[in-house]
2 protein chains.
Amino acid sequence: MTNPVVRKLELFTRLSADDKAILSRVANGRVRQFNAREDIIREGDAPRDINLFLGGWACRYKQLEDGRRQIIAFFLPGDLCDMNVFILREMDHSISAITPVTVAEVSREAFEELMLNHPRIVQALWWDGLVNAAVQREWTVNLGQRTAAERIAHLICELFLKLHSIGLARANTCEWPITQIELADTTGMSSVHVSRTINELRNLGLIVLRDRQLTVSDLPGLMRLAMFNSNYLHLQHEGAYLDAN
Amino acid sequence: MTNPVVRKLELFTRLSADDKAILSRVANGRVRQFNAREDIIREGDAPRDINLFLGGWACRYKQLEDGRRQIIAFFLPGDLCDMNVFILREMDHSISAITPVTVAEVSREAFEELMLNHPRIVQALWWDGLVNAAVQREWTVNLGQRTAAERIAHLICELFLKLHSIGLARANTCEWPITQIELADTTGMSSVHVSRTINELRNLGLIVLRDRQLTVSDLPGLMRLAMFNSNYLHLQHEGAYLDAN
DNA sequence: CGTCCCCTTGAATGAAGTCAATACGCGTGG
DNA sequence: CCACGCGTATTGACTTCATTCAAGGGGACG
């Protein structure tokens, strides 16, 4: 089985055998496990290492004083988390496991050495960072402009495409470990209304969702409803022209 | 008058005379003017140069097919826009002037050369990028969790502090060129409701806003209302420990 | 078998959007 | 100079959408 980070970065550029070897070695360093719901880093902590997600789902979130919580991003296998946070003194948000999660901790030093000697990887990491920023922007649009049904539909499209791109979806189905409460905290609505909205999507024949399994019965329809434009994911292997090895 | 970019980057670290000279030189290269409301870059364009904002206010936005528009970020003097977009093939959003705007175009080559020879600047740019990402996350929280009044109050706090940090606010007043329609597109509400909400803040004695001039009469009160925590702006000169010249 | 968490559904409440009318400032051109 | 148009801001009345409150069902697990 290929390393999920390699798989992900190769969406953008082709890596040399050496690049891949280094990445796999780094990913096998200090590996840690977390239970579902367990915090991986908390707001206020001083960031130490770079985290590399190897398995499971996690999320970034912020919490207001009065308890309201907003999920800001999801992490899937192959994702890196805050490659450079060590520039900043303290975390301004928290990261929590949704399912049981496996992460590799990469020390700042190991990471910097890697960046020094592997320009192709650096470029792929740049790309990854830019895509993450684009996703964050799209979430802003989602929360600001889309209706409840559009918001949920959009999120489903995004995660479904991302899962596909890293080989974690087959045909039109994938795992869906996110509870409706978490979905509510993601889309800025109440969990009651999430329930009703998902039912709406079901009744439109767009999705089937039960037992933590999602089937997208009509992806084009779902994308149309959500006004989903995948350009912001930059999945078109845009670094292909860099392939000259 | 110091260059606004220098002023901004020095929030994080101290720059050498040479660093500053280089930045000022780069900022005086190809300078362009835009009228209020004019687009600077449009979604779908291939990004060419890095834009450095020297004067005026601008915004990043995305538009849905049916016309709904979401403002995703504001640009103030000293801000850089998408230092690395040339990795991506095309823009997934647009940038537009709010007031008349002056920008310096920095070619990719000039920029890369600068990064190669000025590690202190590189570090400050990293910091800037991380802060921008943090701001984008906070906007996600804002749209997802805060009420109308909290949203507007939070945005005012954020911009007011940023303006202060770059010397564009005096005591408790600053320019406020943003129309209520733009504010509506920023906070995901209708312009009618923005009007009512601003009135609410006025009646609470928190702000005075007229003739494109904002006075924050009670900043602590405004921050309390918005549950504003400034940690995400990372304004505490966190790079001070790098000062050894 | 009971507890806990998650999901669902109904009914009442509340927040924000829409529609519409009016007012104000500003620039343009008669 | 005034008239007009345009964009912006304000205010009221009504509607729509989403939240809250409440109750009940179902599955997982000790």
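FYI, side chains are in, hydrogens and waters are out, and symmetry mates aren't considered; it's all heavy atoms of this structure. Per chain, numbering begins at 1; letters A, B, ... match sequence-line order. Given the structure is predicted, the values throughout are model-derived calculations rather than measurements.
Taking all atoms of both residues into account, the shortest heavy-atom contact from B:Glu90 to B:Gly44 is CB-O, 3.7 Å.
Salt-bridge formation is not detected for the pair B:Glu38/B:Arg32: no Lys NZ or Arg NE/NH1/NH2 atom is positioned less than 4.0 Å from an Asp or Glu carboxylate oxygen. Salt-bridge check for A:Arg42 with A:Asp39: passed, with a basic side-chain N closer than 4.0 Å to an acidic carboxylate O. A salt bridge links B:Glu138 with A:Lys62: at least one charged nitrogen is closer than 4.0 Å to a carboxylate oxygen.
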Letter per nucleotide, 5' to 3', of nucleotides 23-30 of chain D [B base touched, S only sugar-phosphate touched, - untouched; heavy atoms, 4.0 Å]: --------
Reading 5' to 3' through nucleotides 11-21 of chain D, protein heavy-atom contacts under 4.0 Å coded B for base, S for sugar-phosphate only, - for none: BBB----SBBB
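Looking only at atom types and distance, the side chain of A:His234 has no donor-acceptor partner in the side chain of B:Arg89 under 3.5 Å away.
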Expected list for residues 209-230 of chain B: side-chain donor-acceptor pairs under 3.5 angstrom, two or more places apart:
{"from": "B:Gln213", "atom 1": "NE2", "to": "B:Glu175", "atom 2": "OE2", "distance (Å)": "3.4"}
{"from": "B:Asp218", "atom 1": "OD1", "to": "B:Gly221", "atom 2": "N", "distance (Å)": "2.9"}
{"from": "B:Asn229", "atom 1": "OD1", "to": "B:Asn231", "atom 2": "N", "distance (Å)": "2.9"}

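At distances below 3.5 Å, at least one donor-acceptor pair connects side-chain atoms of A:Gln70 with backbone N or O atoms of A:Asp185. A donor-acceptor contact shorter than 3.5 Å is absent between the side chain of B:Asp79 and the backbone of B:Cys81. Remark: side-chain polar atoms of B:Asn203 are paired, donor with acceptor, to backbone N or O of B:Asn199 under 3.5 angstrom.
With a cutoff of under 4.0 Å to any heavy atom of chain A, the contacted region of DNA chain C is bounded 5' to 3' by C:dC6 to C:dA11.
Legend: ring-ring contact (aromatic ring centres under 6.0 Å, His included) pairs involving residues 32-61 of chain B, not counting sequence neighbours, sorted by first then second residue: B:Phe53-B:Phe75.
Between the CD1 atom of B:Ile198 and the P atom of D:dT10 there is a distance of 7 Å, given to the nearest Å.
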Candidate pair B:Asp128 and B:Asn132, rule side-chain contact (heavy atoms from CB on, under 4.5 Å), full reasoning: CA-CA 6 Å; B:Asp128 185 55; B:Asn132 284 335; 3.7 Å; yes
Derivation of the side-chain contact (heavy atoms from CB on, under 4.5 Å) call for B:Phe74 and B:Thr186: CA-CA 9 Å; B:Phe74 288 110; B:Thr186 305; 3.5 Å; yes
side-chain contact (heavy atoms from CB on, under 4.5 Å) between B:Leu80 and B:Asn51, intermediate numbers included: CA-CA 6 Å; B:Leu80 287 134; B:Asn51 286 314; over 6 Å; no
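Among the atoms of the strands shown, only primed sugar atoms or phosphate atoms (P, OP1, OP2) are found under 4.0 Å from some heavy atom of A:Arg37. Within the nucleic acid shown, B:Arg212 comes within 4.0 Å of sugar-phosphate atoms alone, with no base atom in reach, counting heavy atoms only.
Comparing the end axes of the helix from C:dC1-D:dG30 to C:dG30-D:dC1, each fitted to five base pairs by superposing C1' atoms of four pairs onto the next four, gives an inter-axis angle of 30° (nearest 10 degrees).
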